[in-house]
Amino acid sequence: MPELKTLGLFMVTALAEIVGCYLPYLWLREGKTIWLLVPAALSLAAFAWLLTLHPTASGRVYAAYGGVYIFMAVLWLWFVDGIRPTTWDMLGSAVALLGMAIIMFAPRSA
């Protein structure tokens, strides 16, 4: 089940990045406390660290990660922002996840 482990790691990584960017957004756009920058910085540090846990080349990880990020951002739109994704949002997310799967799990010579 290395595929599920990889997907789970990508999802946690995306969540760390989204939280790390969302908290400064709350401060800058919504007038929330500047202290949100502390957990935001910690979340972005965790994001960077999580990217290093993948066993493949960094460029491949970054490319594949983008697909999972898209999916997680659409989930964020739904569960945090309270906006139900459209059919097109879901289709785009599915295409992005398919791209991630092709990049990460295609057979390669050692």
Side-chain angles (χ1 to χ4, degrees):
M1 294 283 186
E3 292 85 5
L4 288 179
K5 182 178 177 183
T6 297
L7 183 59
L9 183 56
F10 272 140
M11 292 176 78
V12 171
T13 303
L15 186 60
E17 183 180 10
I18 291 170
V19 168
C21 294
Y22 184 69
L23 295 177
Y25 169 85
L26 290 177
W27 168 58
L28 291 168
R29 298 289 304 260
E30 304 292 327
K32 305 294 183 185
T33 177
I34 195 169
W35 288 104
L36 288 174
L37 296 181
V38 174
L42 294 172
S43 187
L44 289 174
F47 155 72
W49 173 73
L50 287 163
L51 282 176
T52 69
L53 299 180
H54 293 275
T56 190
S58 62
R60 185 170 293 132
V61 168
Y62 299 154
Y65 164 73
V68 177
Y69 180 88
I70 291 167
F71 172 74
M72 291 297 290
V74 170
L75 288 181
W76 187 274
L77 172 75
W78 194 354
F79 293 109
V80 175
D81 292 334
I83 299 170
R84 187 180 179 101
T86 67
T87 301
W88 296 109
D89 294 330
M90 298 307 289
L91 179 61
S93 295
V95 170
L97 286 176
L98 177 61
M100 179 279 302
I102 292 168
I103 291 168
M104 287 304 292
F105 308 127
R108 289 182 177 61
S109 59

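Numbers here are sequence positions counted from 1.
- In terms of heavy atoms, E17 sits closest to L44 at O-CD2, 4.0 Å.
- Note: I18 CD1 to L77 CG = 10.5 Å, rounded to the nearest 0.5 Å.
- Under the 3.5 Å distance criterion, the side-chain polar atoms of R29 are left unmatched by any main-chain donor or acceptor of W27.
- Counting only heavy atoms from C-beta outward, the side chains of R108 and R60 approach each other to under 4.5 Å.
- In the hydrophobic clustering of this structure, Y25 groups with L15; members are Ile, Leu, Val, Met, Phe, Trp, Tyr whose side-chain heavy atoms approach within less than 4.5 Å, directly or through other members.
- Between the side chain of T33 and the backbone N or O of L36 there is no donor-acceptor pair closer than 3.5 Å.
- Criterion: ILVMFWY side-chain heavy atoms under 4.5 Å apart, direct or through other members. Under it, F105 and L7 are part of a common hydrophobic cluster.
- Residues T13 and Y69 have side chains not in contact (no heavy-atom distance under 4.5 Å, counting atoms from C-beta outward).
- The side chain to side chain contact (heavy atoms under 4.5 Å, CB included) check on A64 picks up F10, M100, I103, M104, with sequence neighbours excluded.
- With contacts defined as side-chain heavy-atom distances shorter than 4.5 Å, the pair L23/L37 does not qualify.
- By the criterion of side-chain heavy atoms lying less than 4.5 angstrom apart, applied directly or through intervening Ile, Leu, Val, Met, Phe, Trp or Tyr residues, V95 is not grouped with L98; the two fall into different hydrophobic clusters.
- Residue V12 is found in a hydrophobic cluster whose other members, listed by chain and number, are L9, W49, L50, L53; membership requires side-chain heavy atoms under 4.5 Å apart, directly or through intermediates.
- When the side chains of ILVMFWY residues are joined at heavy-atom separations under 4.5 Å, either directly or via intervening members, F79 and M11 end up in a single hydrophobic cluster.
- When all heavy atoms of A16 and S43 are compared, the closest pair comes out as O-OG, 2.5 Å.
- Looking at V19 and F47, their side chains never come closer than 4.5 Å, going by heavy atoms from C-beta outward.
- Scanning both residues, P24 and A40, for their nearest heavy atoms gives CD-CB, 3.6 Å.
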Worked verdict on Y22 versus V80 for side-chain contact (heavy atoms from CB on, under 4.5 Å)
CA-CA 10 Å; Y22 184 69; V80 175; 3.9 Å; yes
Could you walk me through whether F71 and V74 pass side-chain contact (heavy atoms from CB on, under 4.5 Å), step by step?
CA-CA 5 Å; F71 172 74; V74 170; 5.9 Å; no
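- By the rule that hydrophobic residues join a cluster once side-chain heavy atoms approach within less than 4.5 Å of another member, L42 and L26 end up as members of separate clusters.
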